[in-house]
Amino acid sequence: MKHLYLAVLLSSLSAPALALQGSDTCATASAISGQGSFGYDNTAATTGTEGQTEALCYQFGSSVVENDIWFAWTSDFSGNAEISTCGGTSDDSKIAAYPGTCPTLPGTVLACNDDTCGLQSTITLAVTAGTTYLIQVGNFPGATANSTGTFTIVEDSPVLNPSN
């Protein structure tokens, strides 16, 4: 029995902890690709310097994205991508997207939003298959990152009017 207990203890010590999803810095953005739901955890994130002065992100008196984490997302389609935290968190989220390299240059934000569906956010941007984009996920300034969450990335297909 001692050996079984020791084996379980050692395996739990050597097993990797569940990885926090998202990187605290733009330079080491977590790689993701395709469409779907992606988990994130910004509860221990700091507020970086990249992407904090974008005019497009200036909403409700601030352009800052606090407790921000970064993803390097590679699109699997060409068209419009919808990136959303709606229904994926109870926190007051704020999200932005940039062309694929870090550091982000001022004025290069492609889309930014705070509060589309309650306190959660949605952005839509034109993307090209095989191209990588930086996604910044965080909170509105002063809002605490209380919980882990998910965001979705889906192709936002145009609505076609059959009478046209």
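Atoms considered below: every heavy atom in the structure, side chains included; atoms not considered: hydrogens, waters and symmetry mates. Keep in mind the model is a prediction, meaning the values are calculated, not measured.
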N80 CG to I123 CD1 distance, which is reported to the nearest 0.5 Å = 11.5 Å

Which of these, V137, T152, I153, sits in a side-chain contact (heavy atoms from CB on, under 4.5 Å) with I83?
-> I153

Do F38 and V127 belong together in a cluster built from hydrophobic side chains that touch within less than 4.5 Å?
-> yes

Output yes when a side-chain donor or acceptor of N67 lies under 3.5 Å from a complementary backbone atom of A45, and no otherwise.
-> yes

Are T74 and T132 close enough that a side-chain donor and a side-chain acceptor fall under 3.5 Å?
-> yes

In terms of hydrophobic clustering (I, L, V, M, F, W, Y; side-chain heavy atoms under 4.5 Å; direct or indirect links), are I95 and F140 co-clustered?
-> no

Here the gap from C26 atom SG to Y98 atom OH, rounded to the nearest 0.5 Å, amounts to 8.5 Å

Run the side-chain donor-acceptor check on residues 105-119: report pairs under 3.5 Å with partners two or more places apart or on a different chain.
residue, atom, partner, partner atom, Å
T108, OG1, L105, O, 2.6
N113, OD1, T116, OG1, 2.6
N113, OD1, T122, N, 3.2
N113, ND2, T116, OG1, 3.4
T116, OG1, T122, N, 3.2

Whether T124 side chain and E82 backbone form a donor-acceptor pair below 3.5 Å | no

Hey, could you give me the CG/CD distance between D68 and E50, rounded to the nearest 0.5 Å?
-> 8.0 Å

Could you give me the CA-CA distance, side-chain angles and deciding distance for N42 and N139, then say whether side chain to side chain contact (heavy atoms under 4.5 Å, CB included) is met?
-> CA-CA 9 Å; N42 69 327; N139 296 98; 2.8 Å; yes

Interatomic distance, T46 atom OG1 to E66 atom CD [nearest 0.5 angstrom] | 11.0 Å

Find the distance between CD (Q35) and CH2 (W73) and round it off to the nearest 0.5 Å.
-> 7.5 Å

Can you name the nearest heavy-atom pair linking S23 to A29, along with the distance?
-> CB-CA, 3.8 Å

Below 4.5 Å, heavy atoms only, C-beta onward: do T131 and S75 meet side chain to side chain?
-> no

Cluster overlap W70 with Y40, hydrophobic side-chain contacts below 4.5 Å | no

Heavy-atom closest pair (C102 atom, L134 atom, distance to 0.1 Å) is N-CD1, 3.9 Å

Nearest heavy-atom approach of S62 to V64 is OG-N, 3.1 Å

Would the F151 and F71 ring centres measure less than 6.0 Å apart?
-> yes

Measure from the side-chain N and O atoms of S63 to the backbone N and O of Q52, and report whether any donor-acceptor pair falls under 3.5 Å.
-> yes

Spacing of D92 atom CG and T144 atom OG1 [to the nearest 0.5 Å] = 10.0 Å

Please report the closest heavy-atom contact between S147 and T89, naming both atoms and the distance.
-> OG-OG1, 3.9 Å

No-hydrogen, no-angle side-chain donor-acceptor test under 3.5 Å, T43 and D41 | yes

Give a yes or no on whether the backbone of C57 and the side-chain of K94 come within a donor-acceptor separation of less than 3.5 Å.
-> yes

Any idea which heavy atoms bring I69 and G22 closest together, and the distance?
-> CD1-CA, 4.0 Å

Do D76 and S33 come close enough that some side-chain heavy atom pair is under 4.5 Å?
-> no

Answer yes if V65 and Y133 sit in the same cluster of Ile, Leu, Val, Met, Phe, Trp and Tyr residues linked by side chain heavy atoms under 4.5 Å apart, and no otherwise.
-> no

